[in-house]
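To start, the structure itself, in C-alpha cells.
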Amino acid sequence: MDFSFTEEQTLLRNSVARFIEDNYDFDKRRAMIRSPQGRDPATWAQFAELGLLAVPFTEEQGGLGGTPTDTMVILEEFGKGLVIDPYLPTVVLGGGFLRLGGSSSQQAELIPHIVDGSLILAFAYAERQARYDLNDILCTAKKDGSGYVLNGQKGVVIAAPWADRLIVTARTGGGQRDKGGISLFLVDAKAKGVSMRAYPTVDGQRAAEVSLENVSVPADARIGAEGEAFPLIETVVDHALCALSAEAMGLHRRMLELTIEYTRTRKQFDQPLSKFQVLQHRMADMYIHVEETVSTCYMATIKLDAPETERKAAAAAAKVQLGRAGKFIGQNAVQLHGGMGVTEEMSIGHYFKRATAMNAMFGDVDHHLRRFEALTQG
Amino acid sequence: MDFSFTEEQTLLRNSVARFIEDNYDFDKRRAMIRSPQGRDPATWAQFAELGLLAVPFTEEQGGLGGTPTDTMVILEEFGKGLVIDPYLPTVVLGGGFLRLGGSSSQQAELIPHIVDGSLILAFAYAERQARYDLNDILCTAKKDGSGYVLNGQKGVVIAAPWADRLIVTARTGGGQRDKGGISLFLVDAKAKGVSMRAYPTVDGQRAAEVSLENVSVPADARIGAEGEAFPLIETVVDHALCALSAEAMGLHRRMLELTIEYTRTRKQFDQPLSKFQVLQHRMADMYIHVEETVSTCYMATIKLDAPETERKAAAAAAKVQLGRAGKFIGQNAVQLHGGMGVTEEMSIGHYFKRATAMNAMFGDVDHHLRRFEALTQG
Amino acid sequence: MNLDFTPEDEAFRAEVRAFLEANCPPHLRGGRYTDLSREDLLTWHKILYRQGWVAPGWPKEYGGTGWNPTQRYIWEQETARLGTPPLVAFGLSMVGPVIYTFGTKAQKEYYLPRILSGKDWWCQGYSEPGAGSDLAGLRTVAVREGDHYIVNGQKTWTTLAQHADMIFCLVRTDKDVKKQEGITFLLIDMKTPGISVRPIITLDGGHEVNDVFLENVRVPVENRIGEENKGWTYAKFLLGHERSGIAGVARSKKSLEKLKGIARTEMAGGRPLIEDADFRRKIAELEIDLLALEFTDLRTLAAAAQGKPPGPETSILKIRGTEVQKRLTELTVEAVGYYSNPFLKGELGHNEGPVGPDYAVNVAPAYFNMRKTSIYGGTNEIQRNIISKMVLGL
Amino acid sequence: MNLDFTPEDEAFRAEVRAFLEANCPPHLRGGRYTDLSREDLLTWHKILYRQGWVAPGWPKEYGGTGWNPTQRYIWEQETARLGTPPLVAFGLSMVGPVIYTFGTKAQKEYYLPRILSGKDWWCQGYSEPGAGSDLAGLRTVAVREGDHYIVNGQKTWTTLAQHADMIFCLVRTDKDVKKQEGITFLLIDMKTPGISVRPIITLDGGHEVNDVFLENVRVPVENRIGEENKGWTYAKFLLGHERSGIAGVARSKKSLEKLKGIARTEMAGGRPLIEDADFRRKIAELEIDLLALEFTDLRTLAAAAQGKPPGPETSILKIRGTEVQKRLTELTVEAVGYYSNPFLKGELGHNEGPVGPDYAVNVAPAYFNMRKTSIYGGTNEIQRNIISKMVLGL
C-alpha cells in the first residue's frame with residue numbers, strides 16, 4: 001500500500017505546473033477563449049513536446065507507457081490551471097478507445113498522430129433523449145457493402161469543432177436502450193454528411209451539435225467487434241471519470257486556496273474575513289471536501305484495473321464525490337468572495353463554472369449514485 | 001387572512017401552560033414515567049376539569065365546539081411540557097373517529113366518557129409488514145351472525161396499556177394493500193381474545209403489541225360503513241398529523257430556548273458558548289427551522305377543512321417539516337449542550353427523544369415526502 | 001386563524017387580474033425576469049403609471065395606491081401569476097419612500113412625480129470596493145464648499161447605472177466620529193461632470209452592475225436628504241423598506257412550475273424525469289421549503305396588516321427566500337442535463353436560435369447569476385448575525 | 001500509488017484470521033460493541049494477552065507486538081470482520097503509551113505488565129464539570145505535602161470508572177501561571193480513601209460514564225508522570241495517540257452491512273426497503289462517505305508507514321468518522337420504523353425478549369448514545385477550529 005508518487009511523476013507534475021504558470025495565466029486563457037478558434041494551437045504543440053500526449057500509450061504504440069496515476073498527475077495540474085484544451089476527448093477518451101479496443105492497424109495509423117499533436121478527437125455519444133445513459137442510442141449504422149452508413153444526431157459533443165475525427169456510437173442492432181448492438185466508428189469530421197453547429201460552453205470550451213446524414217464509412221472505421229462496443233465504452237468512460245476526478249482535485253484545492261487568500265486580505269468590520277469563526281469553519285468543511293475528492297480519486301484510479309464491479313463502483317463514487325464536493329466548494333467559494341465572486345474578472349467564478357459543467361459530464365450525482373446503488377446494493 | 005389567536009384561545013393556552021408549570025415539572029414527569037402505571041391518573045382528571053378533553057367535540061356532542069386551532073393551542077403547550085398523557089390517542093384520534101365517523105348512538109354513548117375523563121382510547125392500526133402504509137392490513141374481521149370476529153396482530157399501539165377500548169383497523173374485504181375493504185371496530189381492551197404485551201417507549205410513553213384471537217364484537221362496534229373506512233382513517237390521521245405538528249412547535253421552540261439558556265451560561269475558553277459565531281449561526285438556523293415548523297403547522301391546521309388534495313398535501317408537508325426540523329434542532333440542541341446533552345438529568349435529551357419518536361409516528365419524512373410528491377407532481 | 005379573503009379583497013383581485021390580462025403586452029409576460037431591455041422595463045412601468053398602480057407601496061397623497069398589505073399581497077400574486085416584468089426598485093421602492101418620508105417639500109414635489117412617471121431612472125450608490133456587508137465603512141467623501149458638496153470616491157455593484165439619470169449616494173461628511181455618525185445622504189444627477197460608469201461583467205456574461213466613479217462631483221446642498229451626518233438613519237430606513245417582498249414567494253412559485261414542466265418533458269432512463277424518484281424528492285423538498293416560506297411571509301404580512309412594523313425576524317425571509325431561489329436555478333440546471341452547457345450569451349453574441357430545448361437556454365447563466373442573491377442586501381451570513389443578536393439575544 | 005499488500009502482509013493476514021477464528025468465543029463475535037460486561041471484556045483481553053497480541057500499538061520491548069502500520073491496519077480489518085469485542089482503551093491506548101514514553105523505570109516495570117495482563121483496569125480523569133472542550137481550564141487541585149500530593153476536585157464523563165482499579169488524572173499544581181503550564185499528570189489508585197464514583201445515566205438509559213469525586217486524596221509523589229507542571233505535554237501526547245483509529249472505518253463497514261441486511265428484510269410499500277429509491281440513495285451516499293473516509297484513513301496510514309507523524313489533518317478522521325457513525329445509527333432507526341420505539345433498557349429492566357425483530361432492539365438507544373461521539377475527544381466544532389488554525393492557517 002503506497003500513496004506516494006515516483007520521482008518521474010513528481011517531475012511530470014512540475015513540468016505541467018511550470019508550463020501552466022508560464023503560458024496559461026488568467027489573461028492568456030481569456031484571450032484563447034475569446035479568439036475565433038477558442039484555443040491556441042501552440043499550447044497543444046507544447047503538450048506534444050512535453051510528451052503529455054504520449055503518456056497513456058505503451059511504448060510499442062509509440063507512447064511512454066504511463067499508468068493511470070500519471071494521467072492523474074497531469075489532469076490534477078490541468079484542474080488547477082483551468083486548462084481548456086481537448087486532452088480528455090483526445091487522449092483519455094479517443095486514445096482510450098484506440099489503446100484498449102482499436103485494431104493494430106488503427107493503433108499504428110492514429111496513435112502516432114495523437115502523440116505528435118496532429119490529431120484531435122472528439123467522442124460523440126450523447127443524444128437528446130438519452131440524458132446520461134450511454135446505452136440509449138438512436139443513431140444507426142447500417143451495413144452498406146463492406147462499410148456502413150451512419151444516420152443520427154449527437155448533442156453537446158465537447159471539442160467537436162476542433163476535432164479531426166469523431167468517435168461515434170451507433171446502433172448496428174438492438175433496441176433504443178439495449179446494451180447489445182452498439183458499435184463505435186471513427187468518422188472524419190469533414191466527411192460528407194457530417195454537419196455541425198458549433199458553440200462555446202459555459203466553462204470556456206467549444207462543443208457542437210453534430211448531425212450525421214448518410215455518412216459512409218469503411219468497415220475498418222469500426223472500433224472493435226460489431227454490436228459489442230458497450231463494455232469498451234464503459235471501461236473508457238470510467239477512465240474519463242477518473243481523469244475528471246483528478247481534474248477536480250486540482251480544481252477543488254485551487255478554489256479553497258483562492259478563498260483562503262481572499263478572506264485573508266478582505267476586511268469587513270475592521271477584521272479580515274478569515275478571522276470570522278463561521279467562515280473559518282466553512283473553509284474547514286471545504287477542506288474536508290477537498291480531501292475527500294482526493295481520497296476517492298486515488299481509490300478510483302487505483303481500481304481502474306480491479307475486477308469490473310469494483311472498478312465501476314469506485315469510478316461512480318468518485319464522480320458522485322466530485323459532483324457534490326464541487327457544488328459545496330464552488331458555491332461557498334463564490335459566497336466567501338462576496339460580490340467579487342460573481343464577476344468575470346476574478347478567477348474564482350471560472351473555477352465554479354468548470355465545476356458546474358463537470359458535474360453534468362458523463363452523468364450527474366444522481367446518475368452515478370444510482371449506478372453505485374445497483375453495484376453495491378444489488 | 002389572520003394568524004392571531006382569539007382571546008379564548010389565549011386563555012386556553014395560559015391555563016394549559018399554568019397547569020404544566022404547576023404539575024408537570026421534570027421530577028414529577030420522571031416519577032410518572034417510572035411509576036408502575038407509567039402516568040398519573042390525576043393529571044387526566046384535571047385535563048377533564050379544565051375542559052381540555054371536550055375541546056374538539058360539538059356542543060350537541062357534549063363538547064366545547066372548538067376548532068382545529070384550539071387543539072393546536074393545547075398541543076403546542078403539551079409539546080413544551082413533554083406531556084405523556086394519551087391526549088392524541090384518546091381525543092384527537094379516538095375522538096376524531098367518533099366525531100367524524102361514529103353513529104349518533106356511538107357518539108352519545110362514548111363522547112361523554114371521553115369528555116369526563118373516564119374513557120381512554122388507543123388506535124391499533126400498525127402491522128409488522130405494513131411499515132407506514134395505513135392500507136396495508138392483514139388483520140381480518142369476519143362476519144359472524146350479526147357481529148364480527150377479529151383476528152390479527154397490531155404493533156406499537158401507543159397508549160394501549162392504558163386504554164379501555166381499542167379502535168382497530170381490520171379487513172372485511174379486499175387484498176392486503178387495497179384501500180377498499182377496510183373497516184374500523186371498537187374493541188374492549190379486556191375482551192376475550194385480546195392480549196397485550198405492554199412496554200415503555202423511548203419517549204416515556206407506554207405502548208403494547210396487541211394480539212386479537214377470535215375476538216367477537218357486535219355489529220354496532222363498527223365505526224362507519226363496512227369496508228369503507230379508509231377515507232375516514234386518512235382524514236383523522238391528517239388531524240393527528242396537525243396535532244403532532246402543533247406539539248412539535250412547542251417542542252422545537254423549547255429545545256431552542258433551552259439551548260440558548262445553556263450556551264449563555266456555559267463558558268469555554270473564558271467565553272460563554274453563546275458568543276461563538278459558529279454556535280450563534282447554528283442557533284439562528286435552529287430558529288429558522290422552528291419558525292418553519294410554525295408556518296407549516298398553521299398551514300396544515302388551516303387547511304384541515306380544505307379540499308381533500310390540499311388538506312393531504314398540507315398535512316404531509318407539515319409532517320415532513322416536523323421530522324426534518326426535529327432532527328436538525330434536536331441533534332444540534334444536544335450537540336450544543338455538550339456532554340450534558342447526553343445525560344438523563346438534563347431535560348434537553350428528553351425533548352430530543354420525543355422528537356425522534358415523533359418522526360416515525362404515522363410515517364417518517366420519506367413516507368410523507370412520497371405522499372406529497374404524489375399529490376403535487378402527479 | 002384563517003386564510004380567508006374578504007369579498008372586497010376578492011373583488012380587488014378580480015379587478016387586478018382583468019387589468020393585467022387586458023394591459024400587459026404578450027411579449028412581456030411569462031416571467032422574463034432577466035434580459036429585459038430598458039425599453040421593455042419602461043414600457044411596463046408606464047402602463048402601470050397610467051393606471052395609477054405603479055407605486056403600490058406609497059401612500060395615496062404622494063401618488064401611491066394606498067393599498068393595504070393584503071391588497072399588496074394580492075397584487076404580487078396576480079402579477080406573478082401572469083409573469084409581468086419587474087419594476088425597477090431603486091426609485092419606486094428605495095429612494096421614493098426616503099424622499100416622501102424625509103425629503104423637503106421641494107424635493108417631494110420635484111422628484112416623486114418624476115419617479116412615478118418613469119422620467120428619472122434611479123440607481124443606488126451604497127456599496128463601495130472597501131465596504132461590502134460593512135456598509136457604514138464607506139469612504140466616498142463629500143466636502144462642503146459654499147452651496148455645494150464636492151464628492152470624491154467610488155461606488156460599486158451599482159445595478160443598471162448604465163441607464164440611470166440619478167443616483168442616491170451615501171457619502172462621508174465627518175471622519176472624526178463613529179463611522180455611522182458621519183454619513184450624509186445625497187441625490188446626484190448622473191449627468192454631473194466627474195461621474196463615470198464602468199461596466200462589471202458578471203459570471204453569467206451579463207452587464208447588470210457597474211462601478212461608478214465620482215471625481216470632484218459638485219452636488220447642490222439642496223440635494224441633501226435631511227440633515228448632514230444623519231444619513232445612516234435614512235439609509236437604514238431604506239434597507240428596512242427594501243426587505244418587504246424579499247421572500248419572492250410568488251416568483252419562486254412560478255419558477256417551480258416551470259421546473260416541473262421541464263421535468264415532465266426531459267427523459268431519464270426512458271421515462272419522464274419527473275417520475276425519477278431522486279428528482280421527485282428534490283422538487284418536493286424544495287416545494288415544502290417554499291410553502292414554509294410562503295406561510296412565514298404571510299405571517300409577517302398579517303402582522304403588518306395589524307400595524308406591526310417588520311422586525312429583524314424578516315431576515316428569515318431574506319435567507320430562505322434566496323436559498324429557495326438559488327436552489328430552483330440549481331435544480332433547473334440539473335433538469336436539463338447536458339443542455340445547460342451551451343453558452344450563447346455574452347461577448348460572443350447570441351443572435352442564433354437555441355441549442356437544445358428552448359427552456360434550457362440560459363439556465364446555467366441564471367444559476368451563476370443568482371449566486372448574488374445571498375451576497376447582496378446584506379449577505380446571508382450577516383442576516384444570521386442579525387437573527388442571533390437581535391432576535392435570539394446572543 | 002497502489003493498494004497492494006506484500007506476500008508477508010498476506011501471510012500475516014492469514015495468521016491473524018486463523019487465530020481469531022479459532023480463539024474468539026462465539027458469544028463475543030458479531031459486533032456487540034455495547035452491552036458487554038466487564039467480564040466479557042476481560043475474557044477477550046486475556047485471550048489476546050496470552051497470544052501476545054493485546055497491545056498492537058506498543059513497541060516490542062514493552063510487551064507490544066511491534067507491528068508496522070500496515071499490519072495494524074490488517075489487524076483492525078480482521079477483528080472488525082469477525083466483530084470481536086473492543087479492547088478498553090484507557091490502559092492500552094492511553095496511559096500505557098504515556099507510561100512507556102515518559103514514565104520512570106519503576107513505573108514502567110510496575111504498571112505496564114499489569115495493563116497488559118488486564119490486572120489493572122484504568123479510567124481517564126481529564127474532563128471536569130467546568131472544563132469540557134477547554135480541557136486546560138481544569139480546576140482539580142493537587143497540593144504537595146511531603147511525599148504526597150493531596151488532591152481535591154471532581155472529574156466527569158469518566159467512562160467505566162465503576163470497574164476501574166486506577167485513574168490517570170490531570171491536576172492543577174500551579175494556579176499562578178498560564179493555564180497550560182500548571183498542570184501535573186498523576187496516576188491514582190481508585191481504592192485510595194476520598195475517591196467516590198457516582199453514575200451518570202445517559203439518554204439511552206445506560207451507565208457507561210461517571211462523576212468521580214476526589215476529596216483529600218493522598219497520592220504518592222512517585223505516581224507522578226514526568227515533571228510537576230509539565231502534565232499538559234503528556235496530556236497532548238496522549239490525545240494525539242488517541243486519535244489513531246478514530247475513523248472507525250472497519251466497524252462502520254460492519255454496521256453498514258448490518259443496515260443493508262435490515263433494509264433487505266424490512267418491507268416498505270410491499271417491497272423490501274432496500275428497493276426503496278429514497279432509502280437506497282441514503283445508504284449509497286453514506287457508503288460513499290465511508291469509502292472516502294477509508295481512503296483518507298489509508299492515506300494517513302501510508303504516511304505513518306513512511307514514518308510521518310500524524311498531523312492536525314487527522315481532525316478530518318474524527319469529524320467524518322463520527323459523522324458516519326452517527327448517521328449509521330440514524331438510518332438504522334429509520335430502517336426499523338415503528339420498532340425503534342419500544343424501550344427495553346434502563347431502570348425498567350430488560351429481561352424480556354425483544355419486541356419486534358431482534359435487530360430493532362436498542363437501535364434508538366444506540367442512536368441516542370452515539371450523539372456523544374461528536375462531543376467527546378474534542379467536539380467536532382473544536383476539530384474544525386483545529387483545521388482552520390493548524391491546517392489552513394486562518
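Letters A, B, ... are given to chains in the order of the sequence lines, protein chains preceding strands, and every chain is numbered from 1.
Counting heavy atoms from C-beta on, the side chains of A:Val156 and C:Tyr339 come closer than 4.5 Å. In this structure, the side chains of C:Val209 and A:Thr343 stay at 4.5 Å or more apart for every pair of heavy atoms. In this structure, C:Met267 and A:Arg128 have side chains that are not in contact, with every pair of non-hydrogen atoms separated by 4.5 Å or more. Using a 4.5 Å heavy-atom threshold, the side chains of C:Phe368 and A:Val202 count as touching. Two residues are said to be in side-chain contact when any heavy atoms from C-beta on lie closer than 4.5 Å; C:Lys179 and A:Asp270 meet this criterion.
The closest side-chain donor-acceptor pair between C:Thr379 and A:Gln335, if any, does not fall under 3.5 angstrom. Side chains of C:Tyr367 and A:Gln331: a donor-acceptor N/O pair is present below 3.5 angstrom, by distance only.
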Checklist entry - Are A:Tyr199 and C:Phe343 close enough, and set up right, to give a ring-ring contact (aromatic ring centres under 6.0 Å, His included), and what steps lead you there? => result CA-CA 7 Å; A:Tyr199 47 82; C:Phe343 182 62; over 10 Å; no
After noting the C-alpha distance and the side-chain angles of A:Leu279 and C:Glu381, does the key distance pass the side chain to side chain contact (heavy atoms under 4.5 Å, CB included) rule? CA-CA 9 Å; A:Leu279 306 188; C:Glu381 286 80 8; 4.1 Å; yes
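Applying the salt bridge (charged side-chain N to carboxylate O under 4.0 Å, His left out) test to every pair with at least one member in residues 368-380 of chain C, sequence neighbours left out, gives these pairs: C:Glu208-C:Lys372.
By number of non-hydrogen pairs under 4.5 angstrom with chain C, the leading residue of A:Val334, A:Thr356, A:Asp133 is A:Thr356. For chain C, the option among A:His337, A:Gln176, A:Arg282 with the highest count of heavy-atom pairs below 4.5 Å is A:Arg282. The candidate with the highest count of non-hydrogen atom pairs below 4.5 Å against chain A, out of C:Ala364, C:Ser340, C:Gly130, C:Ala136, is C:Gly130. Across A:Tyr132, A:Phe269, A:Phe352, the residue that shares the most heavy-atom pairs under 4.5 angstrom with chain C is A:Phe269. Interface check for chain C: of the options A:Gly341, A:Gly349, A:Gly339, the most heavy-atom pairs under 4.5 Å are formed by A:Gly339. Heavy-atom pairs under 4.5 Å with chain C were tallied for A:Gly338, A:Ala130, A:Ala357; the largest tally goes to A:Gly338. For the set A:Lys267, A:His350, A:Arg177, the count of heavy-atom pairs under 4.5 angstrom toward chain C peaks at A:Arg177.
C:Ile382 touches chain A through its side chain: at least one heavy atom from C-beta onward sits under 4.5 Å away, while N, CA, C and O do not. Only the side chain of A:Glu209 has a heavy atom closer than 4.5 Å to any heavy atom of chain C. In this structure, chain A has a heavy atom under 4.5 Å from the backbone of C:Ala335, while its side chain stays farther away. For A:Met340, the parts lying under 4.5 angstrom from a heavy atom of chain C are both the backbone and the side chain. Only the side chain of A:Lys327 comes within less than 4.5 Å of a heavy atom of chain C; its backbone N, CA, C and O stay farther away. When heavy atoms are compared at a cutoff of 4.5 Å, C:Glu330 approaches chain A solely by way of its side chain, counted from C-beta outward.
From C:Asp204, atom CG reaches atom NZ of A:Lys353 across 7.5 Å, with rounding to the nearest 0.5 Å. A distance of 7.5 Å separates CG of C:Asp276 from CZ of A:Arg131, quoted to the nearest 0.5 Å. Atom CD1 in A:Ile158 sits 5.0 Å away from atom CG in C:Asn341 (nearest 0.5 Å).
In terms of heavy atoms, C:Gly337 sits closest to A:Ala360 at O-CB, 4.3 Å. The minimum heavy-atom distance linking A:Glu344 with C:Thr202 is given by the pair CG-O, 3.2 Å.
Evaluation of the ring pair (Phe, Tyr, Trp, His ring centres under 6.0 Å) rule for C:Phe168 yields C:Tyr126, C:Phe185 as partners, not counting sequence neighbours. Listed by chain and residue number, nothing satisfies the ring pair (Phe, Tyr, Trp, His ring centres under 6.0 Å) test with C:Tyr359 (two or more places apart in sequence, or in another chain).
With a 6.0 Å radius and a threshold of 12 heavy atoms from other residues, nucleotides or ligands, A:Lys28 has its NZ atom above the threshold. Other residues, nucleotides and ligands contribute more than 12 heavy atoms inside 6.0 Å of the CZ atom of A:Arg30.
Chain C is approached within less than 4.5 Å, heavy atom to heavy atom, by A:Asp366, A:Arg370 from residues 365-378 of chain A, ordered by number.
Looking only at distances, no side-chain donor or acceptor of C:Asp134 sits under 3.5 Å from a matching main-chain atom of A:Gln268.
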